[in-house]
Trainee: 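Just passing along the structure, written as structure tokens.
Counting starts at 1 for both ligands and their atoms, following the listed order.
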Amino acid sequence: MSGHGDPIPMMSQRGPALTGEAHVPGDKSISHRSLILGALSVGETVIEGLLEGQDVLDTAKAMRAFGAEVTDHGEGRWSVHGVGVGGFAEPAGVIDCGNSGTGVRLIMGAMATTPITVTFTGDASLCTRPMGRVTDPLALFGAKAEGREGGRLPMTITGVRDPMPVRYTVPVPSAQVKSAVLLAGLNAPGKTVVIEKEATRDHTERMLVGFGAEITVEETEDGRVITLTGQPELKPQHIVVPRDPSSAAFPVCAALIAEGSDVLVPNIGLNPTRAGLFETLREMGADLTYENPREEGGEPVADLRARFSPDMKGIEVPPARAASMIDEYPVLSVVAAFAEGPTVMRGVRELRVKESDRIDAMAQGLRAAGVEVEEGEDWWIVHGLGHGKVPGGATVESRLDHRIAMSFLVMGLATNAPMRVDDGGPIATSFPVFEPLMTGLGADVRRA
Ligand SMILES: O=C(O)C1=C[C@@H](OP(=O)(O)O)[C@@H](O)[C@H](O)C1
Ligand SMILES: C=C(OP(=O)(O)O)C(=O)O
């Protein structure tokens, strides 16, 4: 999907307290990886609870183009009949990853050590995002990339027949880059080593273990050292995708700011590489509890209970926590507007290269809604006004960015005047049931 349909203007406003249960969809990161690793296995992988957002559907389509048999059995149950490591066929057409950075970067890694030539593209947002961070390490294996200036899509990658294993220190905190190198390393002989100075989400490492690869992780002074032995035969898996903490963030934050609310968000994966937002909210004084904590599929899981929290205080978010909540800064900045005093967010340069420049998109929308924001290249400060004091009444551009659209629609549930976004269409990339889920809690969120 390189284009989007007509814009879908949406609005939200204060209404009754939010109550009830919010069953958010499957985790987007794990859904992409389930399809890709399933396609690289020999035999049939069954996936339950796959996120059926457009980003993941585009990855499913891509896996079919590489020769895997991908079947939708209904109600979130999918199967992938894989072609094995090194078994990708050359696709007949261009691989269009739509809006998805994760999709395009992981698939580039997965094909780079197979001798096929593949052209990748995406929508107007994805075509502005940097791909050099992935094609640089893929070149070390011997893959060649030709794209637009600045390493932008559309881009053609020619995979290498006799790849060399690599040792690579990831220069930016990015699970997508780390994962692309590991997926490329799957079809290189010997040991591929990836070093990350800051821990990022570790789903690829955990899932590779599940699929039967030989992979070790050592915590050292230089960071996390991940060693993968190439050319395994990956064994198909039965995967139950946990619910997405990044989607849970929206009903949780809505409940914290909307008067009188009490919402349960069951079965949320609390892998420490993903749970930074919830820790931050608790430090701000949010009434957010983890009920029924347990382990499922080797991951910590709990039911999140969020209640209206009128007395939250702004805090300095530890920069070391950034990677574990990188997609949650937009909605955190909304909560920060309703807390007392400044919330300081540093070490967040990566926010500038997401689906939009998220610091700029949020800062402009928050200012239009009457909230003071300061910003620098890798930091920003939201000056919270406190509960009941945020004016709102703005129309904000969502910039082809689902998280910007959802964040401002959450904001409108507690501002003095309604909030509008020019296009809620991108929400379907990660959280297609956002609108019915929020209205099911009692929120006044609608197409306008
Ligand atoms: O690996 C992943 O599944 C993701 C990694 C993160 O991106 P970066 O690797 O660019 O930080 C995150 O923002 C994205 O939503 C999903
Ligand atoms: C950054 C995101 O996704 P991606 O990089 O996959 O486009 C996101 O979902 O917030």
Trainee: Taking a cutoff of less than 4.0 Å between a non-hydrogen atom of the residue and any ligand atom, is His32 in contact with ligand 2?
Mentor: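 For ligand 2, residue contact (heavy atoms, under 4.0 Å) with His32 is absent.
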Trainee: Among protein heavy atoms, which lies nearest atom 10 (O) of ligand 1, and at what distance?
Mentor: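 Looking only at protein heavy atoms, the one closest to atom 10 (O) of ligand 1 is Lys354 NZ, 3.2 Å.
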Trainee: Is ligand 2 under 4.0 Å from a heavy atom in the side chain of Arg358, in the backbone, in both, or in neither?
Mentor: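 The answer is the side chain.
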Trainee: Can you list the atoms of ligand 2 that are under 4.0 Å from a heavy atom of Lys354?
Mentor: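 Taking each heavy atom of Lys354 in turn, ligand 2 has 1 (C) under 4.0 Å.
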Trainee: What is the closest protein heavy atom to atom 2 (C) of ligand 2, and at what distance does it sit?
Mentor: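 Result: Glu355 OE2, 3.0 Å.
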Trainee: With a 4.0 Å cut-off on heavy atoms, does Arg129 reach ligand 2?
Mentor: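 For ligand 2, residue contact (heavy atoms, under 4.0 Å) with Arg129 is present.
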Trainee: Give a yes/no verdict on whether any heavy atom in Asn99 is under 4.0 Å from an atom of ligand 2.
Mentor: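 Yes, Asn99 has heavy atoms under 4.0 Å from ligand 2.
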Trainee: So is Ser430 touching ligand 2 or not, going by heavy atoms under 4.0 Å?
Mentor: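 Per 4.0 Å heavy-atom rule, Ser430 does not contact ligand 2.
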Trainee: Quick check: closest heavy atoms across Glu350 and Pro173, and the distance to 0.1 Å?
Mentor: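 Between these two residues, the closest heavy atoms are CG-O, 4.1 Å.
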Trainee: Purely on distance, is any nitrogen or oxygen of Asp327 under 3.5 Å from one on ligand 2?
Mentor: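 Yes - when backbone and side-chain N and O of Asp327 are compared with those of ligand 2, one distance drops under 3.5 Å.
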Trainee: When you measure from atom 6 (O) of ligand 2 to every protein heavy atom, which one gives the shortest distance, and what is it?
Mentor: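 The answer is Thr102 OG1, 2.5 Å.
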Trainee: Give yes or no for whether the N/O distance cutoff of 3.5 Å, strictly under, is met between Gly101 and ligand 2.
Mentor: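 Indeed, backbone or side chain, Gly101 has an N or O that close.
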Trainee: Out of Asp202, Asp327, Ile30, Thr273, who gets a non-hydrogen atom closest to atom 14 (C) of ligand 1?
Mentor: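 Minimum heavy-atom distance to atom 14 (C) of ligand 1 goes to Asp327.
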Trainee: Starting from atom 16 (C) of ligand 1, locate the nearest protein heavy atom and write down its residue, its atom name and how far away it is, to 0.1 Å.
Mentor: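 The closest one turns out to be Thr102 OG1, 3.3 Å.
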Trainee: What residue and heavy atom of the protein are closest to atom 9 (O) of ligand 1, and at what distance?
Mentor: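 For atom 9 (O) of ligand 1, the nearest protein heavy atom is Ser174 OG, 2.7 Å.
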Trainee: How far apart are the closest heavy atoms of Ala322 and Gly347, and which atoms are they?
Mentor: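 In terms of heavy atoms, the two residues are closest at CB-O, 3.7 Å.
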